[in-house]
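Throughout, a chain's letter reflects where its sequence line sits, starting with A, and its residues are numbered from 1.
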Amino acid sequence: MSSTHTTSCIAKSTRGSVQRWSQTLIPTVRQAPSDAEMPSHVFMIRAGFIRQVGAGVYNYLPLAWRSLRKVSEIIREEMDAAGASELLMPAFQPMELYAGTKRDIDYGDLLFTLEDRHGRKLALGPTHEEVITDLMCGALTSYKQFPLNLYQIQTKFRDEFRPRAGLLRGREFIMKDAYSFHLDLDGDAGLNATYDKMHRAYTNIFTRCGLDFSAVEAEAGPIGGSASHEFMVNCEAGEDTILVCQESGYAANVEKAEIGERAWSFEVAADSELVKHHTPNMPGIHSVAEHLSTTPSGMLKSIVLRTTEESPRWVIAVVRGDHEVNESKVRDAIGCSVELADEGEAKAAGFVIGYVSPRVCSSIDLLLVVDPDALAGASWATGADEPDHHVTGFNWSRDMGDAIRGGKIQVADIRNAQGGDPSPRVAGSVLQERKGIEVGHIFKLGTKYSEAIGLDVLNKDQKKQSVIMGCYGIGVSRTLAACVEMSHDDNGIIWPAAIAPFHVHLVVIKPNEPEVQEAVSAMSDELAGHGIDVFIDDRAERPGPKFKDADLIGLPIRLTISPKTIEQGEVEFKLRSDDARGVGHPREAIVQMCLDALAP
RNA sequence: CAGGGUGUAGCUCAGCUUGGUAGAGCGUCUGGUUUGGGACCAGAAGGUCGCAGGUUCAAAUCCUGUCUCCCUGACCA
């Protein structure tokens, strides 16, 4: 058994590690538990990487832990190279820390809370903005200390409404979170410079991990702040939708994606009568459209929203029936954040929920915001503002003339973009829709947390100034799952070399034969000497199960040694990504072949 | 949280309707034959049927409660 002894305490060993199946725990199974559905979940269980403990809580078995450590190491190298330094904060967080930011309210039930024996309330950290900002209050004392970027790799806790798909969404998961501190937005020490550095570091990290990913513009969400980018692993099974303009390189999450100019006019002449129809018991826009002999794209959808101000106002957002209202865009259009109206309150105010039309603005005081696509037609089907009725033949110019002349209608991009929409950057180009799994997210926080918690320092001009912050997250355990989701076939996982638990899977046929054992030791020793991590399947199994398990585990290179190959002076070599069976090669050529195959 | 489903051997599942000795396949263990893509023969171990209560002479099965886990939705690394 080779080891990684070094005589020096400063020289890092470049020797690869060698591990034998018989000495570790890799419980592969032919049949995954029936509750596993996503490929990453199924294969990580079948290949013996993880085992479930509870909903969204998993054991990371030796293979998974090796991969996680490799991902973490890549993250550390790139973060350190970008000028960040690692620290470790506790998972326990006193509830008082949330008093300033009120994020306990924003997070709500997502926050795991507990009480100690003295009745003090604690949270299990979902992220660490509060803790680190509080830490900095006592540690950042001079403008000369800026900029500063600190990170940690640590287990996070979120009581997800619905954990699922193995490591893709756990309640306990491993995350890298980084926080940067500045006094300026611009300049070498400013937030923008560090944000750009992090953007590059993330690009390096995910590239080195061997992932096919896209960096896209994103909504900041409850973390708060201004600019934000997400790093998405490109994968059809992803939960997130992103839109891409090939010509300009523009890419954004559907929550954020802008849509290019669309032609519209209030002055489209009516071409049919306004007719009322009885439409009882028709859930959903599709059944109504069918009953009215039209399609959702021939209908108007009027969503009742409420502003979140002290004295809330009603807002009606009108989009075409086949489009989705985007609340963030409505917020940007009217300059105030909104939320879906409570159904009871809306009914009490006179809205006939399910049958609302733009015409309701004549009877109720409200803000009317309309998407351009909802104006590009002469005749629409929409609600009749009375129970169980819709109208056809609605025409903006004829039926909303007063509101239009009164300037009561605001026209703005307020819907989610979708494939085929015009690009916001290049006229004539269209957006393409893709799916992705979010593995990283970077934010410009600004002063949200420093103001709430009171993190300020004296600047050069001896003026008190709130510290400007950025924060940068990577879902480490999710990255692993996303990688499997992105890279697998019917037989199992296909790991990129950089984050595979080992580089070489050495299948041993007849492991009890002395000459085989000798050949295996020599081979693995030589490979390890070149920095290659070798995994030896030394089990007393027949060849069939061994090959099946090798495919399942998915290490990049498979070598096979048997009495036959020894007799021929060969070792069989096969790449996991190749479908063909392995081919024998001269024993002396093998190490170089492995090195070539693993070269970046 | 709302809606739907589920819980019987390590895994996949049958048995439940109509109450009457706990079942199969895979896996595991033993012995033998095998040995390059999930072998064969013979044998063995392994379950208080999620938990609690109730009905009954008798409950995996019927009733009540409760918990678990999964799926669909809003949220997020």
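In this view, A:Q152 and A:L87, A:L88, A:M89, A:H128, A:Q154, A:K156, A:D177 satisfy the side chain to side chain contact (heavy atoms under 4.5 Å, CB included) rule, not counting sequence neighbours. Here A:Y195 pairs with A:H229 under the ring pair (Phe, Tyr, Trp, His ring centres under 6.0 Å) rule; sequence neighbours left out. Every residue meeting the side chain to side chain contact (heavy atoms under 4.5 Å, CB included) condition with A:E160, not counting sequence neighbours, appears here in chain and number order: A:L110, A:R158, A:P163, A:R169, A:R171. The side-chain hydrogen bond (donor to acceptor under 3.5 Å, both in side chains) search around A:E433 returns none, not counting sequence neighbours. Annotation: side chain to side chain contact (heavy atoms under 4.5 Å, CB included) contacts of A:R581 (sequence neighbours excluded): none.
Sequence order on RNA chain B of the closest nucleotides to A:P543 and A:F231 puts A:P543 first from the 5' end. When each of A:F547 and A:A32 is assigned the nucleotide of RNA chain B with its nearest heavy atom, A:A32 is the one assigned upstream, toward the 5' end.
We find that CG of A:N326 is positioned 15 Å from C1' of B:C75, with the value rounded to whole Å. Separating the NZ atom of A:K156 from the C1' atom of B:A77 is a distance of 10 Å, rounded to the nearest angstrom. Rounded to whole angstrom, the span from the CZ atom of A:R30 across to the C1' atom of B:G38 amounts to 4 Å. If you measure from atom CD of A:E324 to atom P of B:G73, you get 13 Å, rounded to the nearest angstrom. Atom CG of A:L480 and atom P of B:A77 are 19 Å apart (whole Å). Straight-line distance from the CD1 atom of A:I509 to the P atom of B:A39: 13 Å, rounded to whole Å. Between A:I153 atom CD1 and B:A77 atom P the separation is 17 Å, expressed in whole Å. Between the P atom of B:A77 and the CG atom of A:L211 lies a distance of 18 Å, rounded to the nearest Å.
Side-chain atoms of A:R542 and base atoms of B:U34 include a donor and an acceptor less than 3.5 Å apart.
When heavy atoms are screened at a 4.0 angstrom cut-off, A:V29 is found touching no nucleic acid atom at all. A:T565 comes within 4.0 angstrom of a nucleotide base, judged by non-hydrogen atoms across all strands. Residue-level contact check: A:T560 touches the bases, meaning some heavy atom is under 4.0 Å from a base atom. Residue-level contact check: A:R51 touches neither bases nor backbone, having no heavy atom under 4.0 Å from any strand. Note on A:G170: a base of the nucleic acid sits closer than 4.0 angstrom, heavy atoms only. Contact annotation for A:G440: backbone-only contact, meaning every heavy-atom pair under 4.0 Å involves sugar-phosphate atoms and none involves a base. Within the 4.0 angstrom heavy-atom criterion, no nucleotide atom of any strand lies near A:N491.
B:G46 and B:G23 are spaced 14 Å apart, taking the C1' atom of each and rounding to whole Å. A distance of about 14 Å separates the P atoms of B:A24 and B:G43, rounded to the whole Å. B:G20 sits 44 Å from B:U33 when the C1' atoms are compared, rounded to a whole Å. Taking atom C1' on both nucleotides, B:G7 is separated from B:U68 by 8 Å, rounded to a whole Å. Spacing of C1' atoms, B:U18 relative to B:G27, comes out at 35 Å, to the nearest Å. Rounded to a whole angstrom, the distance from the P atom of B:C11 to that of B:U28 is 15 Å. The same atom, C1', is picked in B:A14 and in B:C51; the two are 23 Å apart, to the nearest Å. Comparing B:A77 with B:A45, their C1' atoms are spaced 45 Å from each other, to the whole Å.
OP1 or OP2 of B:G37 has at least one side-chain nitrogen or oxygen of A:R581 nearer than 4.0 Å.
With a cut-off of 3.5 Å on both pairing distances, B:G46 has no Watson-Crick or G-U wobble partner at all. In a base pair of the Watson-Crick type (N1 to N3 plus N6-O4 or O6-N4) or a G-U wobble (N1-O2 and O6-N3), with each distance short of 3.5 Å, B:G38 is matched with no nucleotide.
Exactly one of A:I74, A:V439, A:V71, A:L211 qualifies for a side chain to side chain contact (heavy atoms under 4.5 Å, CB included) with A:I205. That residue is A:I74.
Taking a 6.0 Å sphere around CD of A:E236, one finds it holds 12 or fewer heavy atoms contributed by other residues, nucleotides or ligands.
Aromatic rings from A:W21 and A:F502 are positioned such that their centres are separated by 6.0 Å or more.
Within a heavy-atom distance below 4.0 Å of RNA chain B, the residues of residues 548-557 of chain A found are A:K548, A:D549, A:D551.
For A:E541, the listed nucleotide lying nearest its side chain is B:U28; candidates were B:A77, B:U28, B:U35. For A:F173, the side-chain atoms get nearest to B:A77 when compared with the rest of B:A74, B:A77, B:U35.
Pairs passing the salt bridge (Lys or Arg N to Asp or Glu O under 4.0 Å) check and including a residue from residues 498-523 of chain A, sequence neighbours excluded, do not occur. Applying the salt bridge (Lys or Arg N to Asp or Glu O under 4.0 Å) test to residues at least two apart or on different chains, none of the pairs has a partner in residues 195-205 of chain A.
In this pair, A:F206 and A:Y202 present their aromatic rings perpendicular. The plane angle is above 60°, beyond the 30 to 60° band. Using bins of under 30°, 30° to 60° and over 60° for the plane-to-plane angle, the ring pair A:F157/A:F112 lands in the perpendicular bin.
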When every nucleotide of nucleotides 66-72 of chain B is labelled 5' to 3' by its protein contacts under 4.0 Å (heavy atoms), B for base, S for sugar-phosphate only, - for none, what sequence of letters results? ---SSBB

